Structure formats: C-alpha cells, structure tokens
Student: 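Mind having a look at this structure? Questions to follow.
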Amino acid sequence: MDVTPGTAMTNDMQASASSVTRFVGHEAEVQGDLLPVEEPLQIRLAGEDVVVTMRTPGHDEELAAGFLFTEGIIAGKTHIESIVHCPDDANGGAPSPNVVNVTPTDRSLLDPARWQRNMFASSSCGVCGKISIEQVRMGRLYHPMQEKLSVDLETLYSLPGKIRQAQTGFEQTGGLHAAALFTPDGHLLVLREDVGRHNAVDKVIGHALIEGLLPLDNHVLVVTSRASFEIVQKALAAGVRVMATISAPTSLAVEMAQEGGITLVAFLRDRRCNVYAGAL
C-alpha cells in the first residue's frame with residue numbers, strides 16, 4: 001500500500017490566525033487568535049466519489065483509510081493499493097489539499113450499492129449522512145473476545161492528562177476533539193485531533209490499519225467527546241474492547257456496547273468515571 005510522502009500529502013494545518021475583540025467587563029481589546037481549521041475532504045474510491053466530510057486537515061490518508069474501513073467498504077490493509085491526493089488542474093497539477101483517492105486492490109469494491117449514502121457528512125456527525133438506520137447498523141463487528149481486557153483504574157485515571165499534554169491543536173485553539181490509542185498499561189501509541197470527533201477516531205483507526213495493528217483488542221481507545229452510537233460502532237469495527245470518553249454516552253451507544261461486548265467508560269475526568277457496559 002502506497003501512502004508515502006511522494007504520493008500523499010502529510011500537511012497538518014490545525015489552526016488559522018484570526019482577530020477577536022475580547023471583553024473583560026466593559027473593557028474591549030482587539031487581539032490575535034487562533035481558530036481550528038475546518039475544510040472539506042472529498043474521499044474517492046478508484047475515482048468514484050464516496051463522501052465529502054468536513055474535517056481538520058492533516059493525516060488525510062489515515063482518515064480515508066479509517067473511514068472506508070469503519071464503513072465496511074474495505075476489509076483491511078490488503079484492500080488498499082494506494083492513497084494519494086488527486087492532482088488539482090487549476091493549480092498546475094499540484095496535489096489538491098482537499099481531494100484524496102483510494103485505489104483498491106479489489107475492483108468489486110466499486111459497487112456503490114455497498115456504500116450508498118448522502119454525499120456530505122458534517123464535522124459534528126458522520127451518521128447524519130446515512131440514508132437509513134439499517135445502513136447505520138451495517139458496519140462490521142469483530143466477534144467479542146472470550147477474555148475481557150483488564151485495565152487498572154489508576155491507569156485509566158491517568159489517560160485524560162496524557163491526552164491533554166499531547167493535544168497541541170486543542171492547546172492552540174480550544175476547539176478540537178482528540179482520539180487516542182493506549183496500551184493497557186497506559187502508554188500512548190497515537191493521538192489524532194479533528195473538529196469532528198468521528199474523524200479523529202477514523203484517523204486513529206486508519207493509522208492502526210496502515211500500520212497493521214488491527215484488530216485493536218489489546219488497546220484502549222479514549223475520545224474527548226460524548227460516546228455516540230457512531231463512535232462506539234467505529235470502535236467495535238476496529239476490535240476495540242475498552243473505550244472511554246470524557247463526556248456522556250447516549251442510550252444507543254450503551255446498547256451497542258453491550259451488544260458488541262465492549263467495556264464502555266464515560267465521564268472519565270477528575271479521577272472519576274462511570275462504567276455503562278462491560279467491566280474493568
């Protein structure tokens with residue numbers, strides 16, 4: 001699979017300079033500010049449009065790979081021949097920063113009926129582009145493991161602090177979600193940031209796919225957002241067995257975690273947490 005810098009863009013533009021008028025009481029002052037970048041990414045499969053998702057630029061190849069995998073369009077790394085940014089004819093053929101093409105090794109993957117969805121997904125919700133709730137439930141799931149993955153509570157409590165230390169984009173802008181992958185003893189393997197929490201998760205899963213780490217049944221996934229149905233579905237698609245979020249879970253997310261055999265931890269902050277499915 002070709003995702004080398006010669007064929008793929010690796011720019012990571014998370015913040016954009018702006019100005020802001022800040023008020024303290026009735027005193028106003030114009031200052032410089034950094035805003036989280038949000039731009040569209042058009043993902044193509046062998047030149048065929050699959051989706052346009054609003055994302056924070058950076059790690060686009062991982063996002064494309066993770067999205068196609070968690071949507072059930074590709075089955076793994078062996079289904080990807082290459083991931084490249086498409087040439088921009090309006091810019092002399094230079095790689096377009098917002099259009100990426102995935103060339104599959106299996107041409108049968110090009111059947112649009114396998115991945116039909118509306119062609120736009122906002123940065124806040126990837127599920128809203130789905131055509132029906134049945135399609136939402138069509139994603140792949142690894143079979144639950146017989147042995148659960150045990151994580152020490154003190155290790156779990158340490159993870160939000162490690163994420164904050166590694167979140168450079170959030171430190172600059174205050175407006176980016178993060179998804180992070182840890183070993184059971186709390187070692188940070190990879191962290192990705194994005195305006196869309198589902199994009200951050202897809203980037204982490206895409207990284208794991210490209211690096212040959214799937215399934216993630218011996219890893220802990222932590223997301224700095226609520227636990228939505230879609231986030232749990234993506235975690236299960238990658239084989240995650242312990243997942244934690246900083247905010248609340250939804251009822252459908254808890255149901256999905258229980259069905260899939262995942263340990264779902266939420267409200268993980270200030271040395272507290274709630275376990276909604278599974279057990280630590």
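Computation of the quantities below employed the complete heavy-atom set of this structure, encompassing side-chain atoms and omitting hydrogens, waters and symmetry-equivalent molecules. The structure presented is a predicted model; accordingly, all values stated were derived computationally and were not measured. Count residues from 1 along the sequence.
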Student: A side-chain contact here means heavy atoms from C-beta on lying under 4.5 Å apart; do Val100 and Leu41 qualify?
Tutor: yes

Student: If I take atom CG from residue Leu181 and atom NE2 from residue His187, how far apart are they, to the nearest 0.5 angstrom?
Tutor: 10.0 Å

Student: Quick one: does Asn274's side chain have a donor or acceptor within less than 3.5 Å of a partner on Ala266's backbone?
Tutor: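 Between the backbone of Ala266 and the side chain of Asn274 there is no qualifying donor-acceptor contact (under 3.5 Å).
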
Student: Are Thr155 and Asp185 linked by a side-chain donor-acceptor pair shorter than 3.5 Å?
Tutor: no

Student: Can you give me the closest heavy-atom contact between Val102 and Ala64, atom names plus distance?
Tutor: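 Smallest heavy-atom distance, with atoms named: CG2-CB, 4.0 Å.
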
Student: Can you tell me how far CG of Asn199 sits from CG of Leu63, rounded to the nearest 0.5 angstrom?
Tutor: 5.0 Å

Student: Shortest non-hydrogen contact from Leu189 to His219?
Tutor: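 Closest approach of Leu189 to His219: CD1-CD2, 3.4 Å.
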
Student: Checking Asp49 against Gln42: is there a side-chain donor and acceptor pair closer than 3.5 Å?
Tutor: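 A donor-acceptor contact under 3.5 Å links the two side chains.
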
Student: Does the His207 side chain pair with the main chain of Lys203, one donor and one acceptor, at a distance under 3.5 Å?
Tutor: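 Not confirmed, His207 side chain does not pair with Lys203 backbone.
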
Student: Kindly indicate, with the supporting measurements, whether the criterion side chain to side chain contact (heavy atoms under 4.5 Å, CB included) is fulfilled by Ser96 and His85.
Tutor: CA-CA 6 Å; Ser96 170; His85 278 259; 5.5 Å; no

Student: Can you find a pair of side-chain heavy atoms, one from Glu39 and one from Met54, that are under 4.5 Å apart?
Tutor: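 Sidechains of Met54 and Glu39: no contact.
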
Student: With heavy-atom distances below 4.5 Å as the criterion, would you say the side chains of Val190 and Leu188 are in contact?
Tutor: no

Student: Nearest heavy-atom pair of His198 and Thr53: which atoms, and what distance?
Tutor: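 Smallest interatomic distance, heavy atoms only, reads NE2-OG1, 4.0 Å.
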
Student: Any heavy-atom pair between the side chains of Phe182 and Leu221 that's under 4.5 Å?
Tutor: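 SC-SC contact between Leu221 and Phe182 ruled out.
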
Student: Give a yes or no on whether the backbone of Gly186 and the side-chain of Lys162 come within a donor-acceptor separation of less than 3.5 Å.
Tutor: yes

Student: Do you know which two heavy atoms are closest between Val275 and Gly278, and how far apart they sit?
Tutor: CG1-O, 3.6 Å

Student: Is it true that a side-chain atom of Thr56 and a backbone atom of Val195 form a donor plus acceptor pair closer than 3.5 Å?
Tutor: yes

Student: Set out, in order, the CA-CA distance, both residues' side-chain angles and the distance that settles salt bridge (Lys or Arg N to Asp or Glu O under 4.0 Å) for Asp33 and Arg22, then state yes or no.
Tutor: CA-CA 10 Å; Asp33 197 13; Arg22 289 193 170 92; 3.4 Å; yes

Student: So, the side chain of Thr70 versus the backbone of Ala237: is there a donor-acceptor pair under 3.5 Å, distance only?
Tutor: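 Checked: no pair found.
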
Student: Can you check side chain to side chain contact (heavy atoms under 4.5 Å, CB included) on Ile73 and Val50, steps first, answer last?
Tutor: CA-CA 10 Å; Ile73 299 172; Val50 177; 4.0 Å; yes

Student: CD of Glu29 to CD of Glu27: how many Å apart, nearest 0.5 Å?
Tutor: 9.5 Å

Student: Look at Glu38 together with Arg55 and state whether they make a salt bridge at an N to O cut-off of under 4.0 Å.
Tutor: no

Student: Considering non-hydrogen atoms only, spot the tightest contact between Thr224 and Ala178 and give its length.
Tutor: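 Closest approach of Thr224 to Ala178, heavy atoms only: OG1-N, 2.7 Å.
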
Student: Taking it one step at a time, do Thr263 and Arg241 satisfy side chain to side chain contact (heavy atoms under 4.5 Å, CB included)?
Tutor: CA-CA 6 Å; Thr263 295; Arg241 287 294 164 249; over 6 Å; no

Student: Within this structure, what is the CD1-CZ distance for the pair Ile205 and Arg192, rounded to the nearest 0.5 Å?
Tutor: 13.0 Å

Student: Apply salt bridge (Lys or Arg N to Asp or Glu O under 4.0 Å) to residues Arg197 and Glu230 and explain how you reach the verdict.
Tutor: CA-CA 10 Å; Arg197 59 188 183 275; Glu230 185 192 26; over 6 Å; no

Student: Is any side-chain heavy atom of Pro160 closer than 4.5 Å to one of Arg269?
Tutor: no

Student: Can Val265 be reached from Leu149 by stepping across I, L, V, M, F, W or Y side chains whose heavy atoms are under 4.5 Å apart?
Tutor: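 Same cluster: Leu149 reaches Val265 through Ile, Leu, Val, Met, Phe, Trp or Tyr contacts under 4.5 Å.
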
Student: Same cluster or not: Val99 versus Val37, using hydrophobic residues (I, L, V, M, F, W, Y) connected whenever any side-chain heavy atoms lie under 4.5 Å apart?
Tutor: no

Student: For the atom pair CD1 (Ile43) and CG (Asn101), what is the distance rounded to the nearest 0.5 Å?
Tutor: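 Result: 11.0 Å between the selected atoms.
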
Student: Report yes if some heavy atom in the side chain of Arg226 is under 4.5 Å from a heavy atom in the side chain of Thr245; otherwise report no.
Tutor: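 Not in contact.
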
Student: Measure across Gly32 and Val20 and return the closest heavy-atom pair with its distance rounded to 0.1 Å.
Tutor: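 Heavy atoms of Gly32 and Val20 come nearest at O-CG1, 4.5 Å.
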
Student: How many angstroms lie between SG in Cys273 and CG in Leu268, if you round to the nearest 0.5 Å?
Tutor: 6.0 Å

Student: So, Thr103 side chain and Glu81 main chain: donor-acceptor pair closer than 3.5 Å or not?
Tutor: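 The answer is no, because no donor-acceptor pair under 3.5 Å joins these two groups.
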
Student: Within the 4.5 Å heavy-atom criterion, are Asp194 and Leu176 side-chain neighbours or not?
Tutor: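 Sidechains of Leu176 and Asp194: no contact.
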
Student: Going through the distances and angles, do Thr183 and Val220 end up as a side chain to side chain contact (heavy atoms under 4.5 Å, CB included)?
Tutor: CA-CA 6 Å; Thr183 62; Val220 180; over 6 Å; no

Student: Please check if Val151 and Leu153 belong to a single hydrophobic cluster, counting links between Ile, Leu, Val, Met, Phe, Trp and Tyr side chain heavy atoms closer than 4.5 Å.
Tutor: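 Same hydrophobic cluster.
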
Student: In terms of hydrophobic clustering (I, L, V, M, F, W, Y; side-chain heavy atoms under 4.5 Å; direct or indirect links), are Val254 and Phe267 co-clustered?
Tutor: yes

Student: State, with a plain yes or no, whether a side-chain heavy atom of Arg271 is found less than 4.5 Å away from one of Glu154.
Tutor: yes

